[in-house]
Amino acid sequence: MAKNITDPRDDFARWYQDVIREAELADSAPVRGCMIIRPYGYAIWENIQASLDARFKETGHRNAYFPLFIPESFIRKEAQHVEGFAPELAIVTHGGGKELEEPLVVRPTSETIINHMFSRWINSYRDLPMLLNQWANVVRWEMRPRAFLRTTEFLWQEGHTAHATEEEAREETLRMLRIYADFAENVAAIPVIPGKKTEREKFAGAVDSYTIEAMMGNGWALQSGTSHYLGTNFARVFETTFLDSGNEQQYVHQTSWGVSTRLVGGVIMVHGDGNGLRLPPRLAPVQVVIIPIARDESSRARVLEAASALRESLKIRGVRTELDDSEGSSPGYKFNYWEVRGVPLRLEIGPRDLEEGQVTASPRNDPGREGKFSIPLASLPEDVPGILDRIQSEMLLEARRHMEENTHTVDTLAEFSESIAERPGFYSVWWDGGPEEEEELQRETKATVRCIPLDQPEGTGRCIMTGRKTGTRVILARAY
RNA sequence: CGGGGCGUGGCGCAGCCCGGUAGCGCACCUGCUUUGGGAGCAGGGGGUCGCCGGUUCAAAUCCGGCCGCCCCGACCA
């Protein structure tokens, strides 16, 4: 076990904080609930952004930016929306040394102000669909913050679209959910369960909310992305209408969807181990680190020369490579330093390797001496991308195995209650309950309905709460 | 907001019970020797002990109040 990092099996929450500190991902801020994202942590977020942004653009969305401040009256317009967000709003009452005539809400999300603008921009069916996204910060006052997972201010992207028909908007909602799922699995190497939220768990103001739920290392669930079909709820209160081809005024059908810096927390908790962070190559700010090892001055020069030549040949191939030629710390120290930071592949190059015409490779997902192997210098630049791909898919497989091994099927509340206490994980159960049953379930077991998976099995059974016959299965779990 | 814990160099802690003017490990700086899994030795810098008040010749230590942070619960991406 690495120095300064708690064994995750002993205390997962403490381990999580240790990793964030030791890998220099974030630091606490002077204001409670806020956090400083440090350069290394921010670089991970930038890779998430780049990858998602490309997917948004490919599907026809454009980026825009809407203001941080929203007139308080906007938030009040949609009844469910106010009710959902009222307790967590930050409100500005003074500006320029004077009390404001109307208080300004620091955006918790932007549906209202975006609808305000949509109603001006959308006139005809020819203006639709309107497909926008913004990368922004939002504020939701938090009772109990956790780094990355739940902070008062956080960074996210929020997509907002308007469509002529319900069918089109519903397609968009699911299209974006699939994009999130694809990103989670293929870039972040996090397997997810896409599904629909229950009435109790859905976004305030939405008709239907969808989610991708991921399982963390301790068996808890993390809502890792959401996509909402908003119907005409906001269009009605903001008069977002268009003239259809039959010259009739219609309300637009809308969607909104988002992922946040919470994903960084998910990456930590899905992949991290007792030695610190582990990053999937496609998200890693540094994919390969080269550690030169020199015994004396003469070998030092040769080793450094070979190491920097290696770095250049990898960089040319688009591999994000760092050469740690800092002096004053031993190779062993550097091994650990970069391991804690989760760099997927380390290449060690020393006099012995040079004589053999090779380097020693150590993949982060198979740490220690046992996982090391040699790569001939001659073929190394061509080999590395393949090795990174292999690490990427191994990490996804490992995470998927963890999720599957900790997903259980139970048929009764008693069985569930007993089982989740001992083995936290996902539990698939028959369900026909409403909000009251969900509350009761949470009171008794601390678990919540994470989602109604899109992928439903055949057959029917009896709801674990009501005993009624149903064809619907849901996933229950403890959640962050 | 309820329950529990903690505030002492940058980080982690000891000292507090039994008052006497602050110490350890890591990190940091300098020099030499080192370098294949967190190097060694020598020297060095850095803290008005969370804040305010009280008791006392004397407070990190005792007393009162306040503030903050962390963990566990209710709200949430």
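The analysis underlying the following values was restricted to heavy atoms, covering all of them including side chains, and did not include hydrogens, waters or symmetry mates. All chains are named by letter (A, B, ...) in the order of the sequence lines, taking the proteins before the strands, and each is independently numbered beginning at 1.
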Inset, instruction - Sort out the partner of B:G47 for me: Watson-Crick or G-U wobble, both distances under 3.5 Å, none otherwise. - result: none
Tabulated below should be each protein N or O lying under 3.5 Å from an N or O of nucleotides 73-77 of chain B; please produce it.
residue: B:G73; atom: OP1; partner: A:Arg478; partner atom: NH2; Å: 2.8
residue: B:G73; atom: OP2; partner: A:Arg144; partner atom: NH1; Å: 3.4
residue: B:C76; atom: O2; partner: A:Arg150; partner atom: NE; Å: 3.2
residue: B:C76; atom: N3; partner: A:Arg150; partner atom: NE; Å: 3.2
residue: B:A77; atom: O3'; partner: A:Gln223; partner atom: OE1; Å: 3.2
residue: B:A77; atom: O3'; partner: A:Gln223; partner atom: NE2; Å: 2.3
residue: B:A77; atom: O3'; partner: A:Arg262; partner atom: NH1; Å: 3.4
residue: B:A77; atom: O2'; partner: A:Gln223; partner atom: O; Å: 3.4
residue: B:A77; atom: O2'; partner: A:Arg262; partner atom: NH1; Å: 3.3
residue: B:A77; atom: N6; partner: A:Thr151; partner atom: N; Å: 3.2
residue: B:A77; atom: N6; partner: A:Thr151; partner atom: O; Å: 2.8
residue: B:A77; atom: N3; partner: A:Ser260; partner atom: OG; Å: 3.1

Inset, instruction - Among the candidates B:U35, B:C72, B:G38, find the nucleotide nearest to the side-chain atoms of A:Val340. - result: B:G38
Legend entry - Gap between atoms CZ and C1', on A:Arg14 and B:C6 respectively (whole Å): 12 Å
Legend entry - Identified pairing partner of B:G68, criterion: Watson-Crick or G-U wobble below 3.5 Å: B:C6
Inset, instruction - Establish, yes or no, whether a centroid distance under 6.0 Å links the rings of A:Phe238 and A:Phe74. - result: yes
Inset, instruction - Sticking with atom C1', work out how far B:G64 lies from B:C24, rounded to a whole angstrom. - result: 32 Å
Legend entry - Any residue of residues 368-377 of chain A with a heavy atom less than 4.0 Å from an atom of RNA chain B: A:Gly368, A:Arg369, A:Lys372
Inset, instruction - Please work out whether the ring planes of A:Phe203 and A:His81 are parallel, tilted or perpendicular, with thresholds of 30° and 60°. - result: perpendicular
Legend entry - Within-4.5 Å side-chain heavy-atom neighbours: A:Ser224 and A:Val259: no
Legend entry - Assigned partner base of B:A42, Watson-Crick or wobble definition, under 3.5 Å: B:U30
Legend entry - C1' gap between B:G40 and B:U48, integer Å: 37 Å
Inset, instruction - Using the side-chain contact (heavy atoms from CB on, under 4.5 Å) rule, pick out the option among A:Arg170, A:His163, A:Arg175 that qualifies with A:Thr255. - result: A:His163
Legend entry - Base-pairing assignment for B:G73 (Watson-Crick or G-U wobble, both under 3.5 Å): B:C1
Inset, instruction - Quick one: look up who B:A59 pairs with, Watson-Crick or G-U, both distances under 3.5 Å, and put none if it's unpaired. - result: none
Inset, instruction - Tell which nucleotide pairs with B:U35, taking only Watson-Crick or G-U wobble pairs whose two distances are both under 3.5 angstrom. - result: none
Inset, instruction - Check the surroundings of atom CD in A:Glu46: do more than 12 heavy atoms from other residues, nucleotides or ligands lie under 6.0 Å from it? - result: yes
Inset, instruction - Would you indicate whether A:Asp455, at its atom CG, is surrounded by more than 12 heavy atoms from other residues, nucleotides or ligands within a distance under 6.0 Å? - result: no
Inset, instruction - Take atom CG of A:Asn336 and atom C1' of B:A39, then tell me their distance rounded to the nearest Å. - result: 13 Å
Legend entry - Length of the line joining A:Ile5:CD1 and B:G38:P, which is rounded to integer Å: 16 Å
Legend entry - Closest-nucleotide 5' rank along RNA chain B - winner of A:Tyr337 and A:Gln17: A:Tyr337
Legend entry - Sugar-phosphate only, base, or nothing, as touched by A:Asp353 at under 4.0 Å among non-hydrogen atoms: base
Inset, instruction - Among A:Ile44, A:Val286, A:Val343, A:Asn365, find the one that has a side-chain contact (heavy atoms from CB on, under 4.5 Å) with A:Leu279. - result: A:Ile44
Inset, instruction - Provide, to the nearest angstrom, the distance between the CG atom belonging to A:Leu304 and the P atom belonging to B:U35. - result: 15 Å
Legend entry - Same-atom distance (P) from B:C66 to B:U30, integer angstrom: 48 Å
Inset, instruction - Quote, to the nearest angstrom, the C1' distance that separates B:C28 from B:G9. - result: 11 Å
Inset, instruction - Tell me, please, whether A:Trp156 has A:Arg140 positioned over its six-membered ring: NZ or CZ under 6.0 Å from the ring centre and within 45 degrees of its axis? - result: yes
Legend entry - Residues, nucleotides or ligands: over 12 heavy atoms within 6.0 Å of A:Glu444 CD: yes
Inset, instruction - Apply salt bridge (Lys or Arg N to Asp or Glu O under 4.0 Å) to the pair A:Arg364 and A:Asp273, showing each step before the final yes or no. - result: CA-CA 10 Å; A:Arg364 178 62 180 85; A:Asp273 66 11; 2.8 Å; yes
Inset, instruction - Pick base, sugar-phosphate or nothing for A:Thr109, based on heavy-atom distances below 4.0 Å to the nucleic acid. - result: nothing
Inset, instruction - Using the salt bridge (Lys or Arg N to Asp or Glu O under 4.0 Å) rule, take A:Arg341 and A:Glu322 through it: C-alpha gap first, then chi angles, then the decisive distance, then the call. - result: CA-CA 13 Å; A:Arg341 279 161 183 72; A:Glu322 187 126 341; over 6 Å; no
Legend entry - Inter-nucleotide P distance (B:C70, B:C57), Å rounded: 41 Å
Legend entry - Residues touching RNA chain B, which here means a heavy atom under 4.0 Å, drawn from residues 324-332 of chain A: A:Ser330, A:Pro331, A:Gly332
Legend entry - Atom pair distance, as rounded to whole Å: CH2 in A:Trp15 and P in B:C71: 15 Å
Legend entry - Euclidean distance for C1', B:G38 against B:C6 (whole angstrom): 29 Å
Inset, instruction - Determine the interatomic distance between P on B:C11 and the same-named atom on B:G7; round to the nearest Å. - result: 14 Å
Inset, instruction - Let me know the distance between CZ of A:Arg21 and C1' of B:C11, rounded to the nearest Å. - result: 8 Å
Inset, instruction - Identify whether NZ of Lys or CZ of Arg in A:Arg346 sits under 6.0 Å from the centre of the six-membered ring of A:Phe335 and within 45° of that ring's axis. - result: yes
Inset, instruction - For nucleotides B:G12 and B:C69, find the distance between their P atoms and express it as a whole number of Å. - result: 15 Å
Inset, instruction - Check A:Glu394, A:Glu339, A:Glu398 against A:Arg278 for a salt bridge (charged side-chain N to carboxylate O under 4.0 Å, His left out) and give me the one that passes. - result: A:Glu398
Legend entry - Interatomic distance where CG belongs to A:Asp27 and P belongs to B:G10 [whole Å]: 13 Å
Inset, instruction - Indicate the ring-plane relationship of A:Phe56 and A:Tyr180, choosing parallel, tilted or perpendicular according to the 30° and 60° boundaries. - result: perpendicular
Legend entry - Between C1' of B:U35 and CZ of A:Arg300, the distance in whole Å: 9 Å
Inset, instruction - Under a 3.5 Å limit for both distances, which nucleotide forms a Watson-Crick or G-U wobble pair with B:U21, could you say? - result: none
